[in-house]
Every structure is written in C-alpha cells, then in structure tokens.
**Student:** 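Got a structure for you, questions after.
None of these values were measured; they are calculated from a predicted model. Values reported hereafter were calculated over all heavy atoms of this structure, with side chains retained and with hydrogens, waters and symmetry mates removed. Counting starts at 1 for both ligands and their atoms, following the listed order.
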Amino acid sequence: MSQALDEIKIGGLGASRKRVEDNRFIRGKGNYTDDITLPGMLHMEILRSPLAHARISSIDTSKAWDIPGVHLVLTGEMMATRNLAWMPTLSYDTQAVLATDKVRFQGQEVACVIADDPYIAKDACEAIDVDYEPLPVIVNPGQAVAEGAPVIRDDKDSQRDNVIYDWEVGDAAGTDRAFAQADVISKLKLHYPRSHPSPIECCGSIADFNRATSKLTVYMTTQAPHIIRAAVALVAELPEHMIRIISPDIGGGFGNKVPVYPGYVCSILASILLERPVKWIEDKSGNLISTGFARDVYLDGEMALRRDGKILGVRIHTDADHGAFFSDAQPSKFKIGLMHSAFAAYDIPAAHLTARGTYSNKAPGGVAYRCSFRVTEAMFFQERMIQAAADDLGMDQAQFRRMNFVRDDQFPHRTPFGFLLDSGQYAKCLDVGLKAIGYEDFRREQEEARKRGRLLGLGISTMTEPLGAGNSREYDILGIKMFDSAELKVHMTGKAILRTGARTQGQGHETTWAQIVSHELGLPAEDVVVEEGDTDTAPFGMGTYASRSTPVAGAAVAMVSRKIRAKARKLAAHLLEVSEEDVEWELGRFYVRSAPDRGVTIQECAMAAYSNMPDGMEPGLENTAYYDPPNLTWPFACYIVTVEVDPQTGVWDVLKMVAVDDCGVRINPMIVEGQIMGGLTEAYAMASMQFITFDADGNCVGSNYMDYLLPSAWETPGFELHSEVVTPCPHHPIGAKGIGECAAVGGPAAFVNAVMDALSGMGVRNIDMPLLPDRVWEAITYRRDISGAPPVRSDD
Ligand code: MCN
Ligand code: CUM
C-alpha cells in the first residue's frame with residue numbers, strides 16, 4: 001500500500017499527472033509542421049479535380065509558368081518521367097500521385113505549383129487549363145457492380161470490373177448447420193456512413209533535400225514516421241540512411257495521418273528538383289475532400305437463435321466502398337481489416353463472414369478515424385444486431401447480452417473467427433452500467449411516458465475490441481512486422497531520456513511513458529523526458545494507430561526499464577559490497593536483504609554507471625527494447641444511453657449516458673478519462689450529425705464545416721464515467737490494455753439503439769446514421785426504415 005502511495009507521489013502508475021505537453025500547447029509554444037520555416041523555403045499548392053470521373057484530354061501549364069515567383073509546375077506527365085506518377089498503397093494497390101490519364105474522384109490531385117509564397121502558388125494553380133471529358137460516375141457499391149458499369153481502374157491491365165476483392169473468413173458449413181437448427185432467425189441490414197477524422201491541424205510536409213550531403217529531411221504530419229521512411233526509400237529509391245522523417249507536434253491525428261498522401265510525395269520531388277525546402281500545408285476543404293476518410297461499409301447479417309435466447313451462429317456480408325484507390329492502412333493479411341472481430345464478446349459457436357470491396361469515384365481512405373482496422377463497423381453492426389435479435393425474441397436487452405457473453409471462467413477464449421481473448425469481466429461491467437443508469441426505474445418510467453405519448457428510449461452497447469497490433473506472426477504492413485520499441489538513457493544524475501517508435505498526436509505519451517519508467521525504476525516522472533517522431537533518433541517502430549501504443553510501445557517502455565534495473569542491480573551490489581543475490585529492490589532503491597537500512601538509490605546507481613563501475617562492466621546506463629506482443633489486448637466497454645425523442649420534430653435529446661470501461665491497469669486515470677470523453681463525443685457526432693456524402697455526379701457534400709458538423713461543448717451531452725472494473729491484461733508487462741479508440745468504436749451503437757428503442761412498436765427496424773431529426777421524423781411519420789446516405793440513397 002505504501003509503495004502504491006509513494007508511487008503516486010513520484011508520478012508513477014495510477015497518478016493523474018497533468019499532461020506535461022500541455023505546458024507548451026496551451027501557451028502557444030507547440031511546434032507544428034506549419035510553424036517550421038527553413039531558409040530559402042518555397043511553398044506548394046495543389047490543383048484538384050472539380051469532377052469525380054473524367055478523362056484528361058490536355059493540361060496547359062504555360063500561363064502558370066509565366067507568373068512571377070513561380071519556380072515549378074508539376075504534372076502527372078512530369079512525375080511519370082521519374083516513375084512517380086503512381087505510388088504503391090499500403091494495401092498492395094496503386095494510387096495516382098498526380099493524375100495522368102483520368103481523374104477518379106472530386107478533389108483528386110492534378111497538378112502542383114511551387115512558388116515564393118502560397119498565394120502566388122494558389123493563383124498559379126488557377127491559371128492551369130485542364131480539359132476534362134466527363135465520364136459516368138459511380139458513388140456506391142451497388143452501382144460499382146451493376147451491369148455495364150464503367151471500369152474506374154482501367155489503368156490496371158488485370159482489372160475488368162470494379163471489384164477489388166472477395167474475401168471470406170470463418171466456418172461456412174458450421175454456420176449453415178447452426179442456421180438449420182435455429183428456432184428464430186433475426187436479420188439486419190445497415191450502412192455505416194462515410195466519416196472523416198477532421199483533426200484541428202490538416203496534413204502537411206516540408207521536404208528539404210540537400211545536394212551537398214545527399215540527405216533528405218522531411219518534416220511532416222505523420223503518425224508513423226518509420227513507415228514513411230521505408231516507403232520513401234522503396235518508392236523514391238533513395239538510400240534509407242539518407243532519409244530523415246521528423247514528425248513535429250501533431251494537432252490531432254485520429255487516423256487521418258497514417259496514409260501516404262500525394263502532397264507529401266510532390267513536395268519531396270519538388271525539393272529534390274529545386275534543391276530548396278518545399279512546404280505544403282493542406283487547407284481544410286482539401287483535407288475533408290481528399291484525405292483519409294473512414295467507414296462507408298454496407299453490412300448485411302443474420303443471426304441464428306434458439307427460442308431461449310442462446311445465439312447459435314452469425315453470418316455477415318460486408319460491401320465496402322473504398323473509393324478510387326484501395327489505400328487502407330491495415331495488416332496485410334486481412335482484406336477488410338479486423339471486421340471479423342465482430343461478436344467477439346459473445347460466446348457463439350459458429351460464424352462466417354464474406355467481404356467484398358469495390359472501387360467508386362470517391363476519395364480513397366478506408367480504415368482511418370479512431371478505429372483499429374474496421375472494428376468500428378464490426379462493433380456497430382454487432383450491437384445493432386444484438387438489439388434487433390433481443391427484440392425479435394421478445395427478450396430483455398440486458399438479459400440477452402448477459403446470457404450470451406463470454407463468461408469470466410471461459411478465458412482464454414477462442415472466437416469462431418480465430419481471435420484469442422485473454423481476460424475480461426463482461427457481466428460485471430454491464431451490471432455497473434445498468435445500476436448507474438437506473439435500468440429498472442427507467443424501464444418503468446419509459447412505459448408510463450409512452451401512455452402519455454412521450455417517446456423515451458434506452459440503448460446499450462457492450463463490446464470487446466482488439467487493440468494493439470500486433471504480434472508479428474499475424475500482423476505486418478507490407479511485410480514489415482508490427483512490433484515496437486523503446487530506448488532509455490539514464491544520465492549520471494539520474495535524469496533520463498526515453499524514446500519510442502510510437503508517435504503521440506494528443507494522447508499524452510510524453511506524460512504516460514514517463515509514468516511507466518517511474519513505476520519500474522522509481523525515478524520521479526518529471527525526471528524523464530520523452531521524445532518521439534524523429535527517425536534519426538527514435539528506435540524503429542510502427543507508429544501510433546489502432547491504440548497500439550500502450551499495448552506495444554508502452555510494453556517496450558516497461559521492458560527497457562527492467563533491463564536498466566537489472567544493470568543497476570549489479571551496480572548496487574558493487575556499491576554495497578555484497579553479491580547480487582543479496583540485493584533486494586523496492587521503488588527507487590536497492591538494499592541488502594539482511595540489513596535493509598543499507599541501501600543505494602537508483603540515482604546513486606546511475607552515477608556509479610559513469611564514475612564507479614565494477615571491473616569489467618561496460619560503462620553507461622542505456623538500453624533498447626523491442627517488444628513483439630504475444631497477442632492483442634482486449635479492453636471491454638459498456639455504454640448505456642437514455643434519450644427522449646420528440647415525435648413532432650424527430651429531434652432527440654440525450655437524457656443520460658454512462659460509460660464503464662475496463663482497459664486493465666490505468667497508467668494515468670485522467671488521460672484515460674480524457675480519451676473516453678473525446679471518443680464518446682465523436683461517437684455522438686457520428687450518430688447524430690456527421691454526414692459526408694456524395695450526389696449522383698460524385699460531388700462531395702460535406703466538404704466544409706457548414707455541412708460537416710463537429711460537435712462543440714454546446715451540443716455534446718454530459719458523460720458519467722465508471723472505472724471500478726479492472727481486469728489486468730495477463731500478457732502485458734504492466735497489465736494495461738489499449739483505450740484510445742474504445743468509446744468512438746462502441747459509442748455510436750448505444751445512441752442509435754436508444755433512439756430505435758424509443759421507436760419500438762412503430763415498425764421501424766433501422767435508421768442509418770446520422771440520425772438527423774428529419775430522418776427520425778420521416779421514420780416515425782411513415783413508419784419505415786431510413787437507409788443510406790442521401791442525396792443518392794443506397795437503395796436507389
Ligand atoms: N493509457 C493509460 N492506461 C491504459 C491505456 C492507455 O493511461 N490502460 C494512456 C496511454 O498511455 C496514452 C493514452 O492513454 O497516453 C492512449 O493510449 P492507447 O490506448 O495506447 O492509444 P494510442 O496512444 O496508441 O493512441 C492511438 C489512439 C487512436 S488509434 C486514435 S485514432 C486517436 C486516439 O488514440 N487519436 C487521437 N486518441 C486521440 N486523442 C487525441 N487527443 N488526439 C488524437 O489524434
Ligand atoms: Cu484507424 S484511426 Mo487510429 O487507429 O490512428
């Protein structure tokens with residue numbers, strides 16, 4: 001107990017330390033990509049296509065070249081002479097850097113201008129004449145596979161249609177047998193609409209090629225600097241040791257800053273050609289219209305049920321709209337990410353999933369936005385399906401979940417799709433949530449209110465999700481294995497610098513990693529500075545996404561600290577003049593087992609490492625650890641929302657929301673709560689207001705913040721968080737599981753389930769997100785489902 005208290009005092013595990021990075025952020029002293037100015041720096045702007053699908057018959061850049069201050073106009077044709085008109089994507093497809101033959105989505109990069117300042121560059125973009133011959137446009141998977149559909153990717157010799165892949169996982173025959181035995185079969189079909197992460201800071205890069213040293217330095221907004229270095233080495237064929245990627249402070253990533261964008265590539269080539277630094281900073285509409293969108297998946301599934309409520313099997317089919325290029329950043333082995341993590345929290349004997357991916361005339365993207373590779377869609381479908389199934393059976397929502405959960409004594413548990421779950425207390429989380437929301441009372445209140453014409457609803461979402469790719473057996477990106485790393489250097493006065501292969505974008509790694517070192521070594525957290533994001537100094541790692549930092553890099557931080565402690569123990573034995581076996585450890589101090597008063601602090605050991613080491617010992621107190629996790633981590637969450645729907649207007653208000661998250665041991669409870677609050681806010685936004693859609697001509701509707709709404713504190717409801725359920729991860733060195741995405745993943749279904757519950761008995765089975773008032777009103781008034789994303793509905 002006293003050790004735990006001492007630890008909190010020095011900022012170790014469990015301390016709600018204020019975020020050290022906020023010291024500079026809230027004083028305006030952050031250092032973002034756009035803050036960086038280099039001598040002789042030029043500015044790049046991108047000309048984007050106004051049309052979604054068109055053949056390019058000519059591009060005339062002569063007027064742009066004539067504008068004073070213009071240094072370079074890049075087109076696809078010029079990129080092609082360097083073999084850079086196309087680049088490989090992280091999903092083994094190709095993507096146009098600058099269009100040559102055709103444009104394939106509105107907002108696609110057609111040309112770039114590099115000039116003395118961004119205003120000249122923008123004017124010069126407008127002076128470029130492009131002749132387009134419009135082609136028929138495809139905006140959803142139904143159109144993509146229709147008879148006679150134009151082939152979008154006619155650049156690929158082997159591509160005869162718009163299908164990217166047909167993929168399956170699970171046991172088809174076993175699932176057929178489960179359905180043959182079912183008393184009830186419940187069905188659900190829905191669309192998880194396209195959404196956009198919209199971080200405060202857009203994407204950007206400053207490429208600086210120095211001919212004299214042959215060194216290319218790129219400052220850029222990336223969540224994964226080492227992957228970018230590898231990609232630049234392989235695509236631009238530059239020697240890897242001559243490439244330095246620096247990811248400065250990042251103003252939010254949320255997945256938007258994982259992919260490789262044409263703007264990065266163009267700024268790099270421009271700097272090589274001009275031998276001057278070239279800066280590209282994307283504007284807000286450019287960001288919304290062309291980068292890293294998420295979701296856009298149609299899900300169709302059914303569940304085989306026994307009359308008593310036992311789930312016997314599930315079948316899921318997904319149709320994913322990938323846009324013009326298949327550029328998902330996801331583990332190589334899986335075509336539809338970790339969609340097959342669906343239903344993992346439930347003990348289901350048989351399951352089968354089929355997935356088809358298609359091209360469309362929309363911006364590429366795929367798995368980004370606070371989601372471990374499609375788990376958001378998986379968990380949304382799961383929890384909507386669970387609610388529909390319970391309704392079909394006439395069973396209580398909570399009881400149906402409880403009777404089908406994987407029980408505490410069933411771990412380790414293998415899901416029918418092959419994942420291995422290690423630990424959890426699902427029923428307990430649900431019980432805490434039900435108590436907090438006042439379940440029984442609300443149900444009574446709901447019934448009473450119904451009699452007076454008021455529509456109240458309660459929605460539950462319970463899920464476990466796989467966080468922390470990978471283990472290297474199963475998880476790689478383009479063959480690069482998904483492990484991570486940490487390097488710790490303890491200086492002679494006991495102060496230290498820690499570097500990892502992850503990259504914080506707002507999650508607070510500078511604060512939390514120091515807490516892990518504190519826990520392992522007893523150094524005060526404030527004595528440990530954390531640095532990430534520079535490939536010349538950080539150890540190799542796969543970056544931050546999929547909430548993998550704590551599960552993988554965080555584990556590496558614990559492991560490297562233990563290596564340091566092992567060496568410090570030898571130094572302690574030397575200082576105490578006893579054998580190593582006689583030395584005991586307590587937080588921050590080694591002592592002699594038979595004489596506990598005789599001891600040395602970790603700081604004294606650090607000094608000895610540089611000034612008084614035993615004979616034959618290598619000096620210094622530094623080490624590196626690479627960590628390949630044995631498995632993913634599986635946090636669990638229970639989100640419960642109550643709402644009131646106004647039948648006259650379709651407006652719905654959140655009455656109360658409770659969240660019970662079990663992410664194992666919490667390093668910093670305050671940061672964890674911040675992650676959950678942020679995620680729930682995003683979940684609420686997706687459920688209630690966020691819409692980025694396309695008309696029949698492929699015009700993006702929602703490419704500005706008048707149409708694509710970000711919730712402010714005014715719209716966002718209050719959330720009540722509960723942290724009493726803690727199931728440590730058995731294979732993580734400090735028992736932590738990931739948390740960064742849980743609320744954004746599990747939250748949306750709770751809101752939608754609540755509105756659907758309010759409408760129960762009205763013959764409405766589904767309203768696709770966002771549940772805008774007019775859509776809810778239409779469902780109530782005409783007693784029908786509302787599907788897809790207008791103006792072009794999926795069923796059109
Ligand atoms: N943490 C903790 N105890 C745990 C788990 C996590 O104290 N048991 C802390 C971590 O140490 C870290 C934070 O919580 O400081 C998030 O940790 P983790 O769950 O490991 O997630 P990552 O650090 O890998 O962050 C990635 C995740 C993703 S994928 C997206 S997308 C997202 C998210 O984080 N983007 C964010 N949260 C974000 N928060 C901010 N402010 N900005 C973004 O861009
Ligand atoms: Cu896919 S959003 Mo996060 O994993 O960077």
Side-chain angles (χ1 to χ4, degrees), residues 12-17 19-22 25 90 195-201 221-224 249-259 292-295 328-330 337-338 365-377 465-469 484 500-516 519 530 532 541-555 557-558 633 635 661-679 681-682 723 726-729 732 734-745:
L13 229 52
S16 279
R17 257 186 113 199
R19 303 199 327 167
V20 295
E21 42 268 82
D22 288 352
F25 293 154
L90 297 177
S195 58
H196 197 282
S198 0
I200 296 178
E201 179 203 30
T221 51
T222 178
Q223 300 177 215
D249 284 333
I250 298 187
F254 303 106
N256 191 208
K257 291 164 181 167
V258 179
F293 83 88
R295 335 280 191 238
D328 289 18
Q330 64 185 3
L338 304 186
V367 298
Y369 199 5
R370 220 162 187 175
C371 164
S372 284
F373 320 122
R374 304 278 186 197
V375 298
T376 311
E377 294 95 313
E465 61 158 326
L467 292 185
D484 226 287
T500 85
R503 183 62 187 124
T504 190
Q505 316 129 41
Q507 294 90 346
H509 295 177
E510 290 173 47
T511 309
T512 48
W513 294 165
Q515 294 183 249
I516 299 177
H519 171 68
V530 176
E532 293 179 335
M542 292 295 273
T544 291
Y545 42 87
S547 304
R548 63 188 299 280
S549 305
T550 301
V552 195
V557 174
T633 68
D661 279 276
D662 177 2
C663 59
V665 172
R666 296 183 177 202
I667 303 163
N668 181 322
M670 183 171 63
I671 284 188
V672 168
E673 289 193 355
Q675 288 292 313
I676 297 167
M677 294 266 183
T681 305
E682 290 177 322
S723 55
V726 178
T727 318
C729 174
H732 188 279
I734 57 166
K737 305 181 181 185
I739 189 65
E741 295 159 323
C742 296
V745 170

**Student:** Measuring from atom 40 (C) of ligand 1, which candidate in S372, G506, A368 has the nearest non-hydrogen atom?
**Tutor:**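 Going through S372, G506, A368 one by one, G506 has the nearest heavy atom to atom 40 (C) of ligand 1.
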**Student:** Which of the numbered atoms in ligand 2 are under 4.0 angstrom from any heavy atom belonging to Y369?
**Tutor:**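 By the 4.0 Å cutoff, the relevant atoms are 1 (Cu), 2 (S).
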**Student:** Say whether E741, considering both its backbone and side-chain N or O atoms, lies within less than 3.5 Å of an N or O atom on ligand 1.
**Tutor:**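 It does not: no N or O of E741 is found under 3.5 Å from an N or O of ligand 1.
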**Student:** Look at the side chain of K257 and the backbone N and O of A224, then say whether any donor-acceptor pair between them is shorter than 3.5 Å.
**Tutor:**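 No.
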**Student:** Measuring from non-hydrogen atoms of G664 to any atom of ligand 1, is the shortest distance under 4.0 Å?
**Tutor:**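 False for this residue.
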**Student:** Hey, is R548 touching ligand 1 through its side chain, its backbone, both or neither, going by heavy atoms under 4.0 Å?
**Tutor:**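 Looking at R548 and ligand 1, just backbone atoms fall under 4.0 Å.
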**Student:** Spell out, as yes or no, whether a donor-acceptor pair under 3.5 Å connects the side chain of D484 to the backbone of M542.
**Tutor:**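 Yes, D484 side chain to M542 backbone: donor-acceptor pair under 3.5 Å.
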**Student:** For the residue pair R548 and Y545, would you count it as a cation-pi contact if the rule is NZ or CZ under 6.0 angstrom from the ring centre and within 45 degrees of the ring axis?
**Tutor:**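 Flagged: R548 positioned over aromatic ring of Y545.
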**Student:** Is there a donor-acceptor contact under 3.5 Å from the side chain of R666 to the main chain of V726?
**Tutor:**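 No, the answer is negative, given that no donor and acceptor are paired below the 3.5 Å cut-off.
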**Student:** Between E741 and S372, is any side-chain donor less than 3.5 angstrom from a side-chain acceptor?
**Tutor:**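 Judged by distance alone, the side chains do pair up.
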**Student:** Any atoms of ligand 1 less than 4.0 Å from a non-hydrogen atom of G252? List them with their elements.
**Tutor:**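 It comes down to these atoms of ligand 1: 44 (O).
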**Student:** Just jot down the ligand 1 atoms closer than 4.0 angstrom to any heavy atom of T512, in number order.
**Tutor:**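 Heavy-atom distances to T512 below 4.0 Å select 10 (C), 11 (O), 12 (C), 15 (O).
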**Student:** Would you say ligand 1 has an N or O under 3.5 Å from any N or O of Q505?
**Tutor:**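 The answer is yes, given that Q505 and ligand 1 share an N or O pair closer than 3.5 Å.
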**Student:** Show which atoms of ligand 1 fall inside a sub-4.0 Å distance from at least one heavy-atom site of I739.
**Tutor:**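 Matching atoms, with element in brackets: 5 (C), 6 (C), 14 (O), 19 (O).
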**Student:** Which of the numbered atoms in ligand 1 are below 4.0 angstrom from a heavy atom of T544?
**Tutor:**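 Here the atoms of ligand 1 in question are 22 (P), 24 (O), 25 (O), 26 (C).
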**Student:** Who gets closest to atom 17 (O) of ligand 1 by heavy atom: D662, T550, V726?
**Tutor:**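 Comparing heavy atoms across D662, T550, V726, the nearest one to atom 17 (O) of ligand 1 lies in T550.
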**Student:** With a 3.5 Å distance limit and no angle check, can you tell me whether H732 reaches the backbone of G554 through a side-chain donor-acceptor pair?
**Tutor:**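 Absent.
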**Student:** Return the residue, atom name and 0.1 Å-rounded distance of the protein heavy atom closest to atom 21 (O) of ligand 1.
**Tutor:**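 Answer, as residue, atom name and distance: S547 CA, 3.5 Å.
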**Student:** Give the atoms of ligand 1, by number and element, whose distance to some non-hydrogen atom of C663 is under 4.0 Å.
**Tutor:**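 The list of qualifying atoms is 8 (N).
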**Student:** Give the residue and atom name of whichever protein heavy atom lies nearest to atom 23 (O) of ligand 1, and the separation in Å to one decimal.
**Tutor:**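 I find the closest protein heavy atom is H509 NE2, 2.7 Å.
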**Student:** Please round to the nearest 0.5 Å and tell me the distance separating atom CG of N256 and atom CZ of R370.
**Tutor:**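 Rounded to the nearest 0.5 Å, the CG-CZ separation comes out at 13.5 Å.
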**Student:** To the nearest 0.5 Å, how far apart are CD in E465 and SG in C371?
**Tutor:**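 If I round to the nearest 0.5 Å, the distance is 8.0 Å.
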**Student:** How close does the nearest protein non-hydrogen atom get to atom 24 (O) of ligand 1, and which residue and atom is it?
**Tutor:**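 The closest one turns out to be S549 OG, 2.7 Å.
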**Student:** Tell me which protein heavy atom sits closest to atom 8 (N) of ligand 1, plus the residue, atom name and distance to 0.1 Å.
**Tutor:**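 Looking at atom 8 (N) of ligand 1, the protein heavy atom closest to it is V665 O, 2.8 Å.
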**Student:** Report the nearest protein non-hydrogen atom to atom 43 (C) of ligand 1: residue, atom name, distance rounded to 0.1 Å.
**Tutor:**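 Heavy-atom neighbour on the protein nearest atom 43 (C) of ligand 1: F254 CE2, 3.3 Å.
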**Student:** State whether the shortest distance between N or O atoms of A736 and N or O atoms of ligand 1 falls below 3.5 angstrom.
**Tutor:**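 There is no such contact.
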**Student:** Among protein heavy atoms, which lies nearest atom 5 (O) of ligand 2, and at what distance?
**Tutor:**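 Here the closest protein heavy atom is Q223 NE2, 2.9 Å.
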**Student:** Below the 3.5 angstrom mark, is there an N/O of Y369, backbone or side chain, next to an N/O of ligand 1?
**Tutor:**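 In this structure, Y369 places no N or O atom under 3.5 Å from an N or O of ligand 1.
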**Student:** State the atoms of ligand 1, each with its element, that fall below the 4.0 Å cut-off from a heavy-atom position in W513.
**Tutor:**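 Going through ligand 1 atom by atom, the ones under 4.0 Å from W513 are 11 (O).
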**Student:** Among E201, K737, E510, Q507, which one puts a heavy atom closest to atom 16 (C) of ligand 1?
**Tutor:**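 Result: the heavy atom closest to atom 16 (C) of ligand 1 is in Q507.
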**Student:** Between Q507 and S547 (side chain of the first, backbone of the second, donor and acceptor by atom type, cut-off under 3.5 Å), is there such a pair?
**Tutor:**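 No, Q507 side chain to S547 backbone: no donor-acceptor pair under 3.5 Å.
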**Student:** For ligand 1, which atoms have a heavy atom of R666 less than 4.0 angstrom away?
**Tutor:**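 Matching atoms, with element in brackets: 3 (N), 8 (N).
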**Student:** Of all the atoms in ligand 1, which lie at a distance below 4.0 Å from a heavy atom belonging to P551?
**Tutor:**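 What qualifies from ligand 1 is 20 (O).
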**Student:** I would like to know whether E532 and T504 meet side chain to side chain donor-acceptor pair (under 3.5 Å); could you show each step before the answer?
**Tutor:** CA-CA 7 Å; E532 293 179 335; T504 190; 4.9 Å; no
**Student:** In the protein, what heavy atom is nearest to atom 2 (C) of ligand 1, and what distance, to one decimal place, separates them?
**Tutor:**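 So the nearest neighbour among protein heavy atoms is V672 CG2, 3.3 Å.
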**Student:** Say whether, by atom type as modelled, one donor and one acceptor occur between the side chain of E201 and the main chain of P199 under 3.5 angstrom.
**Tutor:**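 Here the side-chain-to-backbone pair does not exist.
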**Student:** Donor-acceptor pair, R17 side chain versus T512 backbone, under 3.5 Å?
**Tutor:**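 Not confirmed, R17 side chain does not pair with T512 backbone.
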**Student:** So, Q223 side chain and G543 main chain: donor-acceptor pair closer than 3.5 Å or not?
**Tutor:**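 Side chain of Q223 to backbone of G543, a donor-acceptor pair under 3.5 Å: no, none is there.
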**Student:** Work out whether the distance between some heavy atom of A546 and some atom of ligand 2 is less than 4.0 Å.
**Tutor:**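 It does; at least one heavy atom falls under 4.0 Å.
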**Student:** As a check for students: among R548, E741, Q505, K257, identify the option with a heavy atom nearest to atom 3 (Mo) of ligand 2.
**Tutor:**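 Nearest option to atom 3 (Mo) of ligand 2, by heavy atoms: E741.
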**Student:** How far is atom 30 (C) of ligand 1 from its nearest protein heavy atom, and which residue and atom name does that atom have?
**Tutor:**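 Going by distance alone, atom 30 (C) of ligand 1 is nearest to R370 CG, 3.9 Å.
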**Student:** With heavy atoms only and a cut-off of under 4.0 Å, state how I671 meets ligand 1: side chain, backbone, both or neither.
**Tutor:**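 For I671, only side-chain atoms sit under 4.0 Å from ligand 1.
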**Student:** Given that the side chain starts at C-beta and the backbone is N, CA, C, O, which of these parts of F373 lies under 4.0 Å from ligand 2, counting heavy atoms, or is it both or neither?
**Tutor:**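 The answer is neither; F373 stays 4.0 Å or more away.
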**Student:** So is G255 polar-close to ligand 1, meaning N/O to N/O under 3.5 Å?
**Tutor:**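 No - when backbone and side-chain N and O of G255 are compared with those of ligand 1, no distance drops under 3.5 Å.
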**Student:** To which protein heavy atom is atom 2 (S) of ligand 2 closest, and what is the distance rounded to 0.1 Å?
**Tutor:**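 Result for atom 2 (S) of ligand 2: R370 N, 2.8 Å.
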**Student:** Just by distance, do the side chain of Q515 and the backbone of G12 share a donor-acceptor pair under 3.5 Å?
**Tutor:**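 Checked: pair present.
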**Student:** Judging by distance only, is a nitrogen or oxygen of Y545 under 3.5 angstrom from one on ligand 1?
**Tutor:**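 No - when backbone and side-chain N and O of Y545 are compared with those of ligand 1, no distance drops under 3.5 Å.
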**Student:** Would I671 and R19 satisfy side-chain contact (heavy atoms from CB on, under 4.5 Å), going step by step from the backbone distance to the final call?
**Tutor:** CA-CA 8 Å; I671 284 188; R19 303 199 327 167; 3.7 Å; yes
**Student:** Report the nearest protein non-hydrogen atom to atom 37 (N) of ligand 1: residue, atom name, distance rounded to 0.1 Å.
**Tutor:**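 Ranked first by proximity to atom 37 (N) of ligand 1 is Q675 OE1, 2.7 Å.
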**Student:** Is the closest N or O pair between I667 and ligand 1 shorter than 3.5 Å?
**Tutor:**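 Between I667 and ligand 1 (N or O atoms, distance only) the closest approach is under 3.5 Å.
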**Student:** Under 3.5 Å between any N/O of G253 and any N/O of ligand 1: does that happen in this structure?
**Tutor:**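 Right, the criterion is met.
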**Student:** Can a non-hydrogen atom of A368 be found less than 4.0 Å from any atom of ligand 2?
**Tutor:**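 Right, A368 reaches ligand 2.
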**Student:** With distance as the sole test, does T511 use its side chain to make a donor-acceptor pair with the main-chain N or O of V20 at under 3.5 Å?
**Tutor:**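 The answer is yes, because a donor-acceptor pair under 3.5 Å joins these two groups.
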**Student:** So, does G678 sit close enough to ligand 1 that a heavy atom of it is under 4.0 Å from the ligand?
**Tutor:**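 False for this residue.
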**Student:** How far is atom 1 (Cu) of ligand 2 from its nearest protein heavy atom, and which residue and atom name does that atom have?
**Tutor:**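 In this structure, atom 1 (Cu) of ligand 2 has C371 O, 2.7 Å as its nearest protein heavy atom.
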